[in-house]
Visitor: 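Pasting a structure below so you can have a look.
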Amino acid sequence: MTERFGHYIDGAFVAPATDEYFASTNPATLDTLYEAAAGTAPDIDRAVRSARAAFEGHAWSRLTATARGHLLRKLGDLIGEHADELALQESLDNGKLLREMRGQMRALPEYYYYYAGLADKVQGSQIPATNLDILNYTQREPLGVVGAIVPWNSPLTLTTSKIAPALAAGNTVVVKPSEHTSRSTLRLAQLATEAGFPDGVFNVVTGFGAAAGAPLVDHPLLAKISFTGSTATGSRIAATAAARFIGCTLELGGKSPNIVFDDANVENAAMGVIAGIYAAGGQTCIAGSRVFAHKAVYDELLERVTARAQSIVIGDPLAAETELGPLSFGDQLDKVASYVELGASEGATVHSGGGRPQLELPGYFYEPTVLTDVTNDMRVVREEIFGPVAAILPFESEDELVGLANDTEYGLAAGIWTNQLARAHRLARRLDAGTIWVNTYRAMSPMSPRQGFKSSGVGIEHGLESMHEYTRLKSVWINTDEGPVADPFVMRG
Ligand code: NAI
Ligand code: MG
């Protein structure tokens, strides 16, 4: 019989209000993996109330920041011990390579250790006053219940970017994982209980966007929403948050340029292009989906990228030799395939790939694809495809390149391949993106803040700055003069 999971609320698994469940599918084999609870508004209400009660309860609110740090460190240890189990759950669920998910899970404890260390370094300051009898200081406080809505492409990594700082700052959380990848988040919640987090501090409601995600954003007790996913859904969430005057942190789509200059090491640059668009099947927000190649190296780069793309081993994500697994679900495959068709109808050349590979496995596989003869006004160059599809465009001058690279709705990341120091720094300044990589691509660390510019997001994840996304600043004024009040009708300093 198929394994079934309820929501994780108040430290235990609970059945959904409707008693309805939905199946999660392995995108490589199309087998059913397990069933998760189909959350609806009453489940969200139960979870948010449990999180609010935990926020007010002494077991959490009376902990010192240092003690919260210890809990996060313990959770990091437990994730490290269960890294292979969590990686397998994610790989089965979303079809990404097992060794990619293992790498992510083994790196995950560092995120918890980083925020564990930050927990007791969040502090206010004493403000100079215009009146020497006034003591004015600030303090940073947690917000309350934080909602995290997360996609399927890197479930626990993206969840952690939100909940680790939120918990370190003293908030409680309700996570709504993607309907495609419920399993690892539920396991993480169990590990949080095992680590000693009080019941209700970390809740998970599984289910679909409209039925479970929307009521979370709408809940009157929610103090903040942190979302990663599509720009369209992010825009809807931001509108709801604005109507309720709650803060939102949004990490949205991208159409990131990966730029190769004529002075670059073209062999390394070609590998950087491969890493940017074919690693993880291109299903990452930071995919380097627009490749700009200087005319002098365009042919060589195209040849190297195409040769490597054609030799990519496609197949079972669990197998050690596989380099590209399936897309994560049927709609993703349809979307990627229809974008390639659209590109062809817009006049692009499908230089390589562009179809489904012949495999034993029945899953949602798609070939690594190279599009040429593309221009910046084509939809395949403007819109996020979220699959293994690179559009390669030539450029001649640096100014022309900057114009083309910045001519996009998005501003998440950019890669620059050059051996000229001045050019690297100049381009880093001129490119309109929150993360710039020079002679590398797809690097990430909990210490390095990242922000999506333009339609790629709002707010900051990672780094010291991310703690401020989960706190509010209070200013406290204390009059140390016990003498009589001089004139009650004028404003005081
Ligand atoms: P999505 O943005 O709709 O879903 C992300 C999360 O939001 C999921 O947990 C989903 O259940 C939830 N959600 C959906 N509608 C909601 C609503 N109205 N209120 C609250 N929560 C809601 O993205 P989806 O459907 O998973 O993927 C579709 C496309 O979105 C992809 O093909 C890709 O282009 C883009 N995407 C981009 C990501 C990125 O990191 N840039 C990540 C995931 C998807
Ligand atoms: Mg799945």
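Just so you know, residue 1 is the first one in the sequence shown, and it goes up from there. In listed order, ligands and their atoms are each counted from 1.
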Visitor: I need the atoms of ligand 1 closer than 4.0 Å to a non-hydrogen atom of V150, numbered in the order shown.
Guide: 6 (C), 8 (C), 9 (O)
Visitor: Does the Q332 side chain pair with the main chain of F386, one donor and one acceptor, at a distance under 3.5 Å?
Guide: yes
Visitor: Considering the options S226, P165, P449, which one meets the side-chain contact (heavy atoms from CB on, under 4.5 Å) requirement together with E461?
Guide: S226
Visitor: Atoms of ligand 1 less than 4.0 Å from I149 heavy atoms?
Guide: 6 (C), 7 (O), 9 (O), 12 (C), 20 (C), 21 (N)
Visitor: Run the numbers for me: atoms of ligand 1, each under 4.0 Å from some heavy atom of G253, listed by number.
Guide: 41 (N)
Visitor: Please name the pair of heavy atoms, one in R356 and one in G363, separated by the smallest distance, quoted to 0.1 Å.
Guide: NH2-O, 2.5 Å
Visitor: Taking atom types as modelled, is there a side-chain donor on S24 or D93 under 3.5 Å from an acceptor on the other?
Guide: yes
Visitor: Test your reading of the structure: does I385 have an N or O sitting under 3.5 Å from an N or O of ligand 1?
Guide: no
Visitor: For the residue pair W60 and F197, does the interplanar ring angle fall in the parallel (under 30°), tilted (30 to 60°) or perpendicular (over 60°) class?
Guide: tilted
Visitor: Let's go through S161 and Y111 carefully: what are the C-alpha distance in whole Å and the side-chain angles of both, what is the deciding distance for side-chain hydrogen bond (donor to acceptor under 3.5 Å, both in side chains) to 0.1 Å, and is it a yes or a no?
Guide: CA-CA 8 Å; S161 304; Y111 285 73; over 6 Å; no
Visitor: Please classify the H180 to ligand 1 contact at 4.0 Å (heavy-atom distances, strictly less than): side chain, backbone, both or neither.
Guide: neither
Visitor: Is a salt bridge present between E384 and K335, judged by a nitrogen-to-oxygen distance below 4.0 Å?
Guide: no
Visitor: What protein heavy atom sits nearest atom 33 (C) of ligand 1, and how far off is it?
Guide: F386 CG, 3.4 Å
Visitor: So which bit of L252 gets within less than 4.0 Å of ligand 1, heavy atoms only: side chain, backbone, both or neither?
Guide: backbone
Visitor: Just need the protein heavy atom nearest to atom 43 (C) of ligand 1, so name the residue and atom and give the distance.
Guide: P151 CB, 3.4 Å
Visitor: Look up atom 27 (O) of ligand 1 and tell me if a protein heavy atom lies less than 4.0 Å from it?
Guide: yes
Visitor: Can you name the atoms of ligand 1, numbered from 1 with element, that are less than 4.0 Å from a heavy atom of W152?
Guide: 24 (P), 26 (O), 27 (O)
Visitor: To the nearest 0.1 Å, how far is atom 16 (C) of ligand 1 from its closest protein heavy atom, and which atom is that?
Guide: T233 CG2, 3.4 Å
Visitor: Does atom 40 (O) of ligand 1 have a protein heavy-atom neighbour under 4.0 Å away?
Guide: yes
Visitor: Between the candidates K335, E383, E179, Q332, which shows the shortest non-hydrogen contact distance to atom 11 (O) of ligand 1?
Guide: E179
Visitor: Should P177 be listed as contacting ligand 1, given a heavy-atom distance under 4.0 Å as the test?
Guide: yes
Visitor: May I ask you to decide whether D432 forms a salt bridge with K454, counting only side-chain N to carboxylate O separations under 4.0 Å?
Guide: yes
Visitor: Under 4.0 Å from a heavy atom of R236: give me the atoms of ligand 1 that qualify, with their elements.
Guide: 18 (N)
Visitor: Considering non-hydrogen atoms of the protein only, which is the closest contact for atom 30 (O) of ligand 1, and what is the distance?
Guide: S230 CB, 3.1 Å
Visitor: We want to know whether T2 and Y21 form a side-chain donor-acceptor pair, criterion being a heavy-atom distance below 3.5 angstrom.
Guide: no
Visitor: Nearest protein heavy atom to atom 13 (N) of ligand 1, by residue and atom, and its distance?
Guide: G209 CA, 3.4 Å
Visitor: Does this structure show an ion pair linking E469 with K224, if we count only N-O contacts that are shorter than 4.0 Å?
Guide: yes
Visitor: With a 4.0 Å cut-off on N to O distance, would you call R46 and D10 a salt bridge?
Guide: no
Visitor: Consider side-chain contact (heavy atoms from CB on, under 4.5 Å). Of T206, V150, V217, L216, which one does K176 pass it with?
Guide: L216
Visitor: Give the atoms of ligand 1, by number and element, whose distance to some non-hydrogen atom of A214 is under 4.0 Å.
Guide: 19 (N), 20 (C)
Visitor: Polar-atom distance check: E384 versus ligand 1, any N or O pair below 3.5 Å?
Guide: yes
Visitor: Below 4.0 angstrom from a heavy atom of G213, which ligand 1 atoms are there? Numbered from 1 as shown, please.
Guide: 19 (N), 20 (C), 21 (N)
